[in-house]
Amino acid sequence: MLERQLILSAVLFCIGLYGALSRRHLIAVLISIEIMFNAVNVALVAFSRFTVPAAMRVGLDVEAVAPLALSGQTFVVFAIVVAAAEVALGLALLIALVRRRDTTDVTEVSLLRR
């Protein structure tokens with residue numbers, strides 16, 4: 001079961017990476033980066049789900065393992081907050097690009113210096 005979730009995560013990450021490297025439209029690049037963030041979140045939740053039961057099988061009591069049970073999910077919440085901040089910054093850059101050059105082409109970003 002862990003392998004399936006990690007394969008899903010790897011496929012999502014590869015799709016996002018391909019989209020980020022091959023697209024020239026800024027919104028498509030931002031969507032691809034979000035797909036990569038979500039792939040990492042899937043992997044974190046999968047590892048969290050499968051490491052806690054393993055710790056309980058070793059012989060640790062439930063009270064010692066309970067704080068570990070939500071560590072992956074907590075990290076995912078922080079990653080989602082960072083992704084939301086990244087989207088806000090990306091949209092601000094998109095608005096600046098459209099106002100300055102009247103285009104959403106990523107190759108035009110280097111021309112914002114003037």
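Just the heavy atoms: all of them, side chains too, but no hydrogens, waters or symmetry mates, feed the values below.
A single hydrophobic cluster is seen to contain both Leu21 and Met36, as judged by linkage of ILVMFWY side chains at heavy-atom distances under 4.5 Å, directly or through other members. Using a 4.5 Å cut-off between side-chain heavy atoms of Ile, Leu, Val, Met, Phe, Trp and Tyr, with links allowed through other members, Tyr18 and Leu26 fall into different hydrophobic clusters.
Shown here for Ala20 and Ile33, the closest heavy-atom pair between the two residues is CB-CG1, 4.5 Å. Pairing each heavy atom of Leu91 with each of Leu30, the nearest pair is N-CD1, 4.2 Å. Nearest heavy-atom pair across Val42 and Gln5 is CG1-O, 3.9 Å. When all heavy atoms of Phe13 and Ala39 are compared, the pair lying nearest together is N-CB, 3.5 Å.
For Leu6, the side chain to side chain contact (heavy atoms under 4.5 Å, CB included) partners are Leu2, Ala43, Phe47, not counting sequence neighbours. Taking Ile35 as the reference, Leu12, Ile31 meet the side chain to side chain contact (heavy atoms under 4.5 Å, CB included) condition, with sequence neighbours excluded. Residues satisfying the salt bridge (Lys or Arg N to Asp or Glu O under 4.0 Å) criterion with Arg23, sequence neighbours excluded, are absent altogether. Residues forming a side chain to side chain contact (heavy atoms under 4.5 Å, CB included) with Val82 (at least two apart in sequence, or on another chain): none.
Sorted pairs that involve residues 29-41 and meet side-chain hydrogen bond (donor to acceptor under 3.5 Å, both in side chains), not counting sequence neighbours, are lacking altogether.
Through chains of ILVMFWY side-chain contacts below 4.5 Å, Ile15 is grouped with Ile7, Val11. Other residues sharing the hydrophobic cluster of Val77, ordered by chain and number and joined by side-chain separations under 4.5 Å: none, the residue standing alone.
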